[in-house]
Amino acid sequence: MLDLINVSYDTQIPNNVGLSSDKRVLKALEKWHPGYINWWNDLIPENFQKSLVYLRTAVSVDPKGWAKFDYVKMPEYRWGVLLAPQVEGRTIPCGEHAGEPAWQEVPGEYRNMLKRLIVIQGDTEPASVEQQRSLALTAPSLYDMRNLFQVNVEEGRHLWAMVYLLHKYFGRDGREEADDLLRRSSGSEEAPRMLGAFNEETPDWLSFFMFTYFTDRDGKMQLESLAQSGFDPLSRTCRFMLTEEAHHMFVGETGVGRIIERTCQVMKENGIEDPYEIDRIRSLGVIDLPTIQKKLNLHYTLSLDLFGQEVSTNAANAFNAGIKGRYMESRIDDDHKLQDATYEVTTIEDGQIKRIAAPALTAINMRLRDDYTRDAAGGIKRWNKIIEKAGVQFELKLPHEGFNRKIGVFANQLIDPEGNFVTGAEYDAKVNDWLPTHADGDFIQSLMKPVYEPGQYAGWIAPPKVGIDNKPGDFEYVKLHMA
Amino acid sequence: MNKPIKQHLIDPEICIRCYTCEMTCPIGAIEHNDDNVVVDADKCNFCMDCIPVCPTGSIDEWRVVLEPYSLEEQYEWMELPEQEELEVDGGAGEDGIEALDEAMAALLAEAHAGTGGKPRAPATAAKPTVNLYNLGKPAEATVRGNYRLTAEDSDSDVRHIVLDFGGQPMPVLEGQSIGIIPPGEDAEGKPHLPRLYSISSPRDGERPGYNNVALTVKREEKGVCSNYVCDLKTGDKVKVTGPFGATFLLPSDPEAHLMMICTGTGSAPFRAFTMRRQREHPNLEDSLTLVFGARRPEELPYFGPLKKVPESFMKKHYAFSRQEGAPKHYVQDKLREEADEVLRLMQEPKGHIYICGLKAMEDGVNEALADIARGAGLDWDAIRDEMRQDGRYHVETY
């Protein structure tokens with residue numbers, strides 16, 4: 001009998017989808033595999049490839065035993081195809097087919113829509129690994145380096161997950177799309193990644209933590225809505241990916257939190273009360289809170305753009321088709337069809353920002369973005385608690401959703417972080433207080449010196465409160481290969 | 001007065017509100033508002049499904065309480081309250097909870113009673129997982145081997161049993177126990193309760209990297225479970241609960257010096273300790289001392305393999321009480337012979353003393369330790385209390 005809980009290692013590709021008896025797909029994946037390994041090997045600097053990293057590998061989709069921690073050389077990481085167990089009698093949760101049995105095969109009429117969603121999701125996974133490729137060279141500790149690599153290998157596994165769907169359900173054009181996922185490359189002139197935010201380099205660790213907090217959280221919201229898909233294999237894939245994605249949220253939230261904690265600590269030790277004494281604070285080797293706010297403004301607003309237009313017929317179609325649901329669809333108490341429902345979307349009318357009722361179906365993106373903002377706000381509250389606890393007078397805030405936007409109704413509007421329209425002159429006068437400058441980037445870069453001693457941390461970041469897998473403080477999370 | 005209960009809680013300072021636990025909980029016992037993620041004490045049945053999926057470890061928190069914290073209280077928390085001081089039978093040492101089900105907790109409390117107070121885990125011990133499996137939801141292990149450890153002509157039948165857990169996680173630490181549920185029913189027609197056995201293999205498996213666990217079990221005349229276990233054949237399936245135990249653990253600090261005093265199957269945890277040390281720090285010297293008592297060498301479990309452990313890695317003192325042509329020796333006699341070493345470990349912050357075996361050995365060992373202390377003008381009771389407080393004195397007897 002096919003074991004759908006435990007991962008089979010009888011093929012080169014660990015899986016719980018019975019690959020060994022699905023020769024066609026197995027062959028296609030085995031053909032794709034070397035290209036993937038090449039991509040990985042070209043990406044990560046060689047001495048890290050040879051290092052032993054304390055990683056968790058998913059070995060089961062049973063919540064009790066899903067992960068196993070051990071030292072692994074990254075190129076030998078067991079990337080696999082893992083789907084959450086099939087739920088007996090699952091039905092399509094939303095749209096015009098709501099209540100019908102979930103699709104186990106691709107419904108012909110939605111084939112292209114479905115493929116596009118999978119390709120877009122798939123494209124972001126390797127992109128972020130590409131964006132973060134140089135960070136290990138400046139890791140503030142072995143603990144952080146390990147977390148970076150964990151995020152990286154899991155993004156790699158998420159690529160595998162999407163590629164499996166393409167090979168299994170989309171035949172020849174699926175295979176071509178899978179190849180293209182390795183052909184495109186973040187920041188490339190000829191073949192860039194599909195979404196803008198994924199073509200920017202992640203130049204430093206504060207950016208990395210902000211990225212995992214804000215941008216990976218968009219990924220989480222997208223996965224949450226794809227986990228509600230009526231196409232059951234996609235739903236099951238995404239449900240399992242979410243368990244891994246939670247770790248990425250953890251890296252982001254605690255990373256930024258630890259930087260804030262360290263800054264506050266150093267301020268207190270040196271009797272600095274005013275968080276805006278930026279030069280003095282920086283001279284002590286920590287990142288001042290106003291700069292952290294600017295980074296936050298940037299990453300939050302870039303991530304809002306990933307949700308697309310507030311009012312979107314594409315989103316309406318995907319929902320109506322039952323291909324993509326809403327965040328926590330199954331816990332929303334309505335008819336899940338939204339034929340007559342409305343939802344308030346932001347818009348600009350007579351030079352004022354307003355929320356007006358729009359058909360809920362077309363407002364799916366807006367709703368997801370609102371859910372995202374609510375989710376993202378929670379961490380800000382907890383960062384502020386760190387500041388408060390240290391006795392520093394400063395409060396981090398999410399900027400207004402209209403600030404610094406490139407997509408949607410706010411695209412290229414001059415709006416300040418409080419949500420007021422400003423003139424070009426006013427904007428120019430203040431923009432350096434709102435968004436990170438090149439000089440800010442230079443300063444942060446100047447702090448990026450690697451710390452490779454077990455249990456030691458760079459001076460601008462506090463150690464974590466608890467170790468990974470309950471490991472003690474001086475645990476050697478990465479056994480570096482010394483060439 | 002209400003009976004104290006164990007409550008599952010989430011540490012709001014560590015939790016990142018990813019809600020993975022909430023999605024995983026099969027019975028909807030976890031919920032959240034804009035502030036915190038909380039566990040409903042009326043619903044949570046300790047199934048533990050939420051523990052491994054948590055990316056932060058904040059989910060693995062337990063308190064013994066007279067009145068469970070309500071959801072409203074938990075929503076208000078900025079940080080987790082400390083464990084309140086309660087006089088609890090068979091429950092919380094200050095280092096947390098040895099077992100969630102009462103029967104197992106009572107057994108362990110009884111086994112650790114010889115410590116003379118609330119036992120505490122060594123400061124550098126890894127955090128144990130407890131109660132991943134219980135009577136209602138046991139794990140199923142497959143017997144991979146059953147070997148007799150005592151000589152064929154001995155009337156003592158001690159066995160080395162290897163259990164494999166396949167895809168089911170069994171995150172044990174050296175010094176922890178698992179419960180074996182013997183099949184069948186007791187005289188009152190109720191299913192048998194699990195019997196506790198200390199594991200004798202290290203955390204990464206009897207065979208490194210394998211999900212298996214070894215036990216050291218002595219056949220007891222009329223023992224329901226010991227006869228069942230000792231008769232197991234390769235391939236048999238066994239129902240297992242646990243892991244249990246949160247204090248009788250190995251310090252992670254390689255500089256910790258351990259004196260391990262045992263008789264018979266009491267050697268099980270010390271085999272695990274030794275193997276863990278050998279795998280992790282094979283080049284350590286002079287940091288382990290074993291004082292091992294048996295009737296004859298032929299009845300000393302693991303006598304063969306023990307001989308292969310170099311003296312520089314572990315000093316071994318055997319006490320044989322029925323060896324032909326030799327005077328009777330008990331572990332307490334060996335302790336007196338090694339008084340200097342024992343004294344040193346009593347007083348050194350990195351010295352640890354562990355005792356494991358039959359209840360009957362406790363008094364003799366305790367007297368010997370008291371004599372040794374007295375000989376140096378010290379008060380053993382005071383030293384013992386201090387060592388226990390520091391997680392340096394551990395007793396597990398049955």
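The chains referred to below are lettered A, B, ... by the order of the sequence lines, with proteins before strands, and numbering in each begins at 1. Below, all heavy atoms of this structure are taken into account, side chains as well, without hydrogens, waters or symmetry copies. Predicted model only: the values in this text are computed from it and were never measured.
- The closest side-chain donor-acceptor pair between H248(A) and E154(A) falls under 3.5 angstrom.
- With a threshold of 4.5 angstrom between heavy atoms, D70(A) does not approach chain B through any atom at all.
- Heavy-atom distances place the side chain of E79(B), and not its backbone, under 4.5 Å from chain A.
- With respect to E253(A), the salt bridge (charged side-chain N to carboxylate O under 4.0 Å, His left out) criterion is satisfied by exactly one of R382(A), R258(A), K220(A), K465(A): R382(A).
- Contact annotation for E224(A): only side-chain heavy atoms (C-beta onward) come within less than 4.5 Å of a heavy atom of chain B.
- In terms of non-hydrogen atom pairs under 4.5 Å with chain A, the most contact-rich of M170(B), R17(B), M23(B), K127(B) is R17(B).
- Only the side chain of R331(A) comes within contact range of chain B, with heavy atoms under 4.5 Å apart.
- A cation-pi arrangement is not found for K6(B) relative to F46(B), the charged atom failing to lie both closer than 6.0 Å to the ring centre and inside a 45° cone about the ring normal.
- Taking the ring axis of F273(B) as reference, the NZ or CZ atom of R277(B) does not stay both within 45° of it and closer than 6.0 Å to the ring centre.
- Closest non-hydrogen pair, K381(A) versus D35(B), comes out as NZ-OD1, 2.6 Å.
- With a 4.5 Å cut-off on non-hydrogen atoms, T20(B) touches chain A through its side chain but not through its backbone.
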